[in-house]
Every structure is written in structure tokens, then in C-alpha cells.
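Report on one structure; see the data block that follows.
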Amino acid sequence: MKVVIVGGVAGGMSAATRLRRLDESAQIVVFERGAHVSFANCGLPYYAGGVIEDRDELLLQTPESLGSRFRLDVRVRSEVVAIDPDDRTVTVRDLSSGDTYVESYDELVLSTGASPIVPPLPGAERALVLRDVEDVDRLVERIESAQMSGAPSAVIVGAGFVGVELAENLRARGLDVTVVELADQVLAPLDPEMAAPVADRMRERGVRLELGTQLSSIGVDTVDLADGPTIPADVVVMAIGVRPENALAKMAGADLGERGGVVVDGRMRTSVPHIFAVGDAVEKRDAVGGGATMIPLANPANRQGRLVADVIAGRDVHARSSTGTAVVGVFGLIVTATGWNEKRLRAEGRAHRVIHTHPQSHAGYYPGAEQMSIKLLVDPDTDAILGAQAVGGEGVDKRIDVIATAMAGGLTASDLADLELAYAPQFGSAKDPVNMLGYIADNLRTDSTRTVQWHQLDTLVDGGASLVDVRTAEEFAAGAIPGAVNVPLDELRDRVGELPAGDLIVHCQVGQRGHTATRLLGQLGRPAVNLDGGYRTWEAGQRANATASMSRA
């Protein structure tokens, strides 16, 4: 059996090495258009920023090492330019010599990835992208050249994962950094109130954010924004997203989805016999909605590469749906997400329940505990977990991983309460933040408590509801929601008669005392609802709204 793989890195090399471990007799040929077949593309921003000092650390394997260990025929600087699915051949151009030749296959795996989007702006040819090692070499060269000017500046177009990583790393290299983003927030996978602390941190660390706008042109050492301002820019990097590299699949007659992704079945087979596809170029099945989605992440690509090798070797395996679990570091913050966000749920008209918490990373009495913010989205009918986001310091990543694992295992939100998670004071709490989400979910599911969201508050107050702040007088004086009446929780029993008539909304700093207050008031004959996530969530939402208003202005 002869297997030809087009494209290396995550999907292609996982397929090649797994297939060799399964079948020593197979002939495996890998064509890679670039100069490097196996490299750490997620490490590229950190090499640009000097965190990874040795460029060779990015190079995981070479054609020689892969040939020696796995007997793979790896050909770099070799571009597949045509596919003949009837004859089962590919046409290859040697980019070093310019010669072309034909290679046959029994099974063909396309791992062509996705390419950075560069809009057709005046001066766009001056912009850099960051996809491979050659791209980062060009970026480092441009940075070093700019540093010779004494006041280097950079504009990063796009505030997604790559954009914010680059912002941090270029600041570390001493550049004056501006991030331009068409949306009115950073990091689109987050909801606005969860993204607000990330934007705050970026501004604190000297990053200028131009939200709700876009570039109109790129000059020699400046960029022009659509709303007028001109910004210095010795370095311009496009990080606005990627599109699937589908030309070869389309040439072969494979079906494509609405967003250009290659359509594959659960065994990574395209619509063309003997042609498979994996990685960023293909559609995945969404774990929440069940439909097709594009998730250009390394984990799914690696998993699909392994799976396609199993299929070719005759194993009965099928791809799982994907939640798109992701994490990024932003100036000391850990930012994570899995599943759907509230914006998408609302846009799809899908019913959902929201839970905000602000727990400590570990036991508060043990030194060094950091506060995090977690948002859980739940189906109100089935209690299924629809998604989650978390932002904070240490421990954020492990909490999102637990939630993602729970989603994969079909656990409900209430089931999180019963997870037995590792505990010691320096690592967590006896009631882990994930357990606390489960407790709250169960309270909401059983109607033990009712909550409202920060973005609903103004409408409810305008409709006649009264807001009761149950924090201490000192907390209230330090900052309060306009119109709130302060009755501290410990005084609530004795002062219940002072509360305004009508509907009551109570809140504390993060939601826990508010829940206690709603339970108490209900038993005293004054039913109330709790402001989910308390003052902290409301205040983050106000900052998000203010940023959005400024962007639209």
C-alpha cells in the first residue's frame, strides 16, 4: 500500500507516524510545500518575542530524522499542484528546481491546513503573517530592523488568539503596539463581560486597542484607519483569521461546506474515493449544535491525523464531535473557552441559563490565591453544558479542561457538583470552583434560587424592581450600582421591613451572599432574585458596554 500525504505539521505528520507504527510495510510519502515539515507553529509568537530563544527549538523533526526513525519519504519544498482521482496520481512541483513529476497513490491524505487572511488593502503587500517558520523569520528580521530606529512601532490587525499573543510578545521586545480589531471587543470566543478584564490588562501593559474599526491602507511606516487616524507602524502583522486551503480538494472534486471547509465523514473520508482530509482545512462536527464548524486548532488536527491512519490501516474508528476548547496567555492572564458562548446562543435563539462565579484559584487562607472569573452556559431543559469561559491566573486552564471533559463525557451541569477533584490548599479548595458551578446549576435546576443577568438589570429596574445591595457598608461606599439600597446581609433579618415594596433583586460582590439573601428573604415572605455574578460581573459588563459605545461612536 502506498499512501501519499500532502502537508506536514500537526495533521499530516501525526497521520504519517501513526500509520508507520500500524503498518511497517506501507510506503508513505509526505509532500510539504514549505522548508519545514514538523515545527511548533503555536510557538512562533514566543520566538518572535524572545521567550523561545533558540530557533531550532521550534523544529521538532526533520526529513532525515523522520526517515531514520519511521522510514518516511519526506520531501520538503515540494508542492502538489494537481490531483487525478481517476488515475490516483498527484502532480508535484519541486520548488527548488522548478521541475514537475507525477506520483501515484493508493490512498491520499490532504493536510493542507489554513492560510492567513490578508484583505486587499492598498499596501497590503507590506503586511506580514505568521503561519510557518519562514514567516517568523521575516517578522524577527522586521522587528530587528525597526529597533534600529530607536522607537519601533507595530500594528497587529486582529484581536484573536494569535493577535493578543503577538501583542504581548512584541511589547516584550520593546515595540509600541497597537491592536486594530473590527469587533468591539478582544477575543471573539469570549462574551463581552469576560473579555473586558483582558482588554484592561492589555491596556495596563501598554497596548493601544483600536476596537470597532479597521485598516483602510498600509503605508511605508504607518497605517490608516477607516475612521480617520493614522498610526505609526514599522511592523504590520495580519492576524484577522484563516481560511481553509481547499484548492486541491476542490480540484479533485471533493465536496466543500458553506465556509469552504472540506466535507469529511466520521472516518475523515472526502466525497472522492481514496481521498481523505484532516486538520484545519476540514469541517468538524460541532459538539453543541451538531452541525458543521471550522475549528483551526492543533489538538483536533493531531487527533484527526491519528484517526485517519487508523482508518487506512483498517481499524473501525470514528471522529468525535469538537467543543473547540482553547487557551491563551495574555500578560499573565490565562484566558480559556470551550463550547458555545452566550452571544452565539442568543444569535441562534437557543434557550440557555447563565452562571457567573469568581472563585479563588486555591484555598484563600493559603498564600498566593488568585481570583478567577468563570462563566458556565447550560441548557435549561436538559441541564446539558453548552459552553464555558474562564479568565484569571493559575488554575484557570485546569478548570476549563475539567468542564470540557465533562462535556465530552455527557455529564450535566449539576453533575459537576459530584466530581471528585484533587484537593490540597495550595492547589484548590475542598469545594473546587468546578464543584461550585455544579452546586449553582443544581440550585437553578431545582428552582432553589432564581437569578438575573447583568445585561437584564436596567430593564428590570425600569420596570419597577428594586435593587438591594447586601454587601457591607464599606464595600458599598467603595462602588455601587446606581439606585441600589444597601442592607448588609448580616442585618437583613432585622431590617427586612425597610426593603422597598414590589419585586426585589439582591446582589453582593460575586453572587454567594446574594444567594444566601434570596433564600432568607423567600422564607421571610419577600421572594427575591439574585444578580448572577454580583457587582463584579455587572461592573465588567458596564466596562464592556462603554467600550462598545466608544467603538460605535
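These numbers come from a predicted model, not from an experiment.
- Within the structure, the side chain to side chain donor-acceptor pair (under 3.5 Å) test picks out the following pairs touching residues 404-421 (sequence neighbours left out): D383-T412, D383-S414, T412-D415, S414-R445.
- Among residues two or more places apart in sequence or in another chain, the side chain to side chain contact (heavy atoms under 4.5 Å, CB included) test is passed with A167 by I156, V177, V179, M202, V207.
- With sequence neighbours excluded, the residues that form a side chain to side chain contact (heavy atoms under 4.5 Å, CB included) with S96 are R77, D94.
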Solution key, residues 109-127 side-chain donor-acceptor pairs under 3.5 Å, sequence neighbours excluded:
from : atom 1 : to   : atom 2 : distance (Å)
S111 : OG     : G12  : N      : 3.0
T112 : OG1    : E245 : O      : 2.7
R126 : NE     : G219 : O      : 3.4
R126 : NE     : V220 : O      : 2.7
R126 : NH1    : G219 : O      : 2.8
R126 : NH2    : V220 : O      : 2.7
R126 : NH2    : A233 : O      : 2.5
R126 : NH2    : D234 : O      : 3.2

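- Here K2 pairs with E103 under the salt bridge (Lys or Arg N to Asp or Glu O under 4.0 Å) rule; sequence neighbours left out.
- Under the side-chain hydrogen bond (donor to acceptor under 3.5 Å, both in side chains) criterion, D23 pairs with S25, sequence neighbours left out.
- With values rounded to the nearest 0.5 angstrom, L345 atom CG is found 5.5 Å from H352 atom NE2.
- For Q389, the side chain to side chain contact (heavy atoms under 4.5 Å, CB included) test picks out L190, D191, M194, A337, N341, K375, L377, with sequence neighbours left out.
- Sorted by first and then second residue, the side chain to side chain donor-acceptor pair (under 3.5 Å) pairs involving residues 5-17 (not counting sequence neighbours) are S14-N302.
- Residue pairs that meet the side chain to side chain donor-acceptor pair (under 3.5 Å) test with at least one member in residues 62-74, sequence neighbours left out, are Q61-S65, T62-E64, T62-S65, D73-R75.
- Of the listed residues (L182, V157, V162, V180), just one forms a side-chain contact (heavy atoms from CB on, under 4.5 Å) with I240, and that residue is V157.
- Between D135 and R131 there is no salt bridge, since no side-chain nitrogen of the basic residue lies less than 4.0 Å from a carboxylate oxygen of the acidic one.
- For Y105, the side-chain hydrogen bond (donor to acceptor under 3.5 Å, both in side chains) test picks out no residue, with sequence neighbours left out.
- Residue pairs meeting the side chain to side chain donor-acceptor pair (under 3.5 Å) criterion with at least one member in residues 307-322, sequence neighbours excluded: R18-D310.
- In this model, a donor atom of one side chain and an acceptor atom of the other lie less than 3.5 Å apart for Y46 and E165.
- One side chain, T323 or T338, offers a donor N or O that lies under 3.5 Å from an acceptor on the other.
- Checked against side chain to side chain contact (heavy atoms under 4.5 Å, CB included), A226 has the following partners two or more places apart in sequence or in another chain: T213, Q214.
- Closest approach of A309 to L22, counting heavy atoms only: O-CD1, 3.9 Å.
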